[in-house]
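Following this message is one structure expressed as C-alpha cells.
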Amino acid sequence: MKTIEVKGISKNFKDTRALDNVTLTFKENRIYGLLGRNGAGKSTLLNLISNRLFPDSGSICVCGEPVMENDRALSYLFCMSDQDLYPEGMRVEAAFQWSGVFYPDFDMEYAKSLSKKFGLRLNKKIKNLSTGYASIFKLIVALSCNVPFVLLDEPVLGLDANHRDLFYRELLDAYANNPRTFIISTHLIEEVAGIIEQVVIIKEGKVILNDSMENVLSMGYCITGPVAAVDSYAAGKKLLGENVLGGLKSAYFWGQYDTDPLPQGLERSSLDLQKLFIELTNA
Amino acid sequence: MRDEISNAVPIYLKVAEKIEDAILSGAFPEDTQVPSTTEISIHDKINPATALKGVNLLVENGVLYKKRGVGMFVSPGAAEKIKQRRKEEFSKNYIRDLILEAQKLSLTKEEVISLIERGYENENH
C-alpha cells in the first residue's frame, strides 16, 4: 500500500508556529481536499512533504522512505505550487522533456494533447506565460508525470471558468485511466466538493478534521426557527455558529443528527462543505 | 422552505435519479448500455466512487444489470419498476409536504383539492 505518512510534524517560522504536531496519512489512489484559511499551514505541509522545507521535528515518509534528501522518495511525488522550478528562458516543450528526465513515466504525448486542449503553445517561453497559462503549464506537468502522489497547491490560480472546468474533467479522466493520489489545496471549495473523497481541514497549524466527504456531510446541519426555540434545541449540542435575522435564528451544529421529530416551528437543512468549512474555521 | 429530504440529496442519489430520469424519458432504452462510471464522473465532475455508488444502488434495485467485462445495462421492465417506486414515494414525500405546507397556511382540505383541480385545468390549456 502506497502512503504518505506524516508523523508529529512541527514547523516554525521565526515566532510563528506554522504547523503544530501534525500527524496524518494520505492513502493510495484517493482524491484529497486539503482545506484551510490563509496562513493555516497548507502550503507549509505540502512543501515539507516535497522536501522544499525541513521540519523542526517529526518525520515524513513516502512509500515507506523518508523524504529528507532522498531522491527515491521524492520520485514518488510531484508538487505543483506557485514556485518556478525551471531555468530562465526555457520553452514549454523543452520543459516537458526536462520533466521526463526527473520523472521517467512522464507521458509526452499526453502532455502535448493537454496543451492543445488548453491552448498552451509549446514554443512559448515559460517566463512569458500569463498567470493563467503559467498555472496551466504546471498542471499539465502534474497530470503527465504519472507518479503515485500529485500535490496541487492552488492549482486553478488565474484560470478562467472554462479552463477550470476543463481541468477538473481532465483530472478525473487521468484519475480514472491511471489511479493515483491527488492532494488538492484550494480556496474554491464549492468547485472541488464533488470531486474529493477525503477532506483534511487545517486550522492554525493543526489538523482539525480528516474524514471522508460522506461522513463530513452527514455530520453538519442547520436548524432555523424562532430564536427561543432554536436556543432550547441547542442545549447540550455542539454548536458551530449562528446567524440571527430579526427574531429568526439559524444555528449550525456538528454531530449525528437525531431523527426525533423537530419541535414545532423549527426546520432542518443540510450544510454543504463550504458552509461547514466556514463555521469550522471561523474565529 | 423545503424539507430536509429535498435540500440534502447526496450526490450519489442524484446520479441514480438522473439515470432513472433518462430511462423514463426513453434516452436509455431497456437492454442498452448506460454510460460507464468514468463517463458519469467526468460528465458530472464528481468522484468516480460517488458515481459507482449511484450506479450500484440501481443494480440493487434491479433497474440496471451488469454484464461482466462489458458494463451496465438497463434491465427489462426498468421504466415500469421506477414508476412504481416513485409513485409510492410521491404519496410519501410530495403529498406529505403538500399537506404540511397547507396546514401551515391554514388551507382546508377542500381548498387544497380545488387548487389541485385548478392546476390540472391550467396544465391542460
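Chain letters run A, B, ... following the sequence lines, proteins first and then strands; every chain starts at 1.
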Residues 186-200 of chain A: residues contacting chain B (heavy atom under 4.5 Å, by number): G194(A), I195(A), I196(A), E197(A)

Report, by ascending residue number, the residues of residues 32-43 of chain B in heavy-atom contact with chain A at a distance under 4.5 Å; give 'none' if the set is empty. T38(B), S41(B), I42(B), H43(B)

Other residues, nucleotides, ligands: >12 heavy atoms within 6.0 Å of E214(A) CD: no

Looking at K116(A), I want to see if its NZ is surrounded by more than 12 non-hydrogen atoms of other residues, nucleotides or ligands under 6.0 Å. no

Chain A contacts: which residues in residues 63-84 of chain B have a non-hydrogen atom closer than 4.5 Å to it?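 Checking residues 63-84 of chain B against chain A gives no residue, so none.
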
Is it the case that atom NZ in K2(A) sees more than 12 heavy atoms from other parts of the structure closer than 6.0 Å?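 Open.
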
Atom pair CD1/CE of I11(B) and M213(A) - distance to nearest 0.5 Å: 6.0 Å

Applying a heavy-atom distance below 4.5 Å, give me the residues of residues 163-176 of chain A that approach chain B, sorted by number.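 Answer by number: D165(A), Y168(A), R169(A), L172(A), D173(A), Y175(A), A176(A).
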
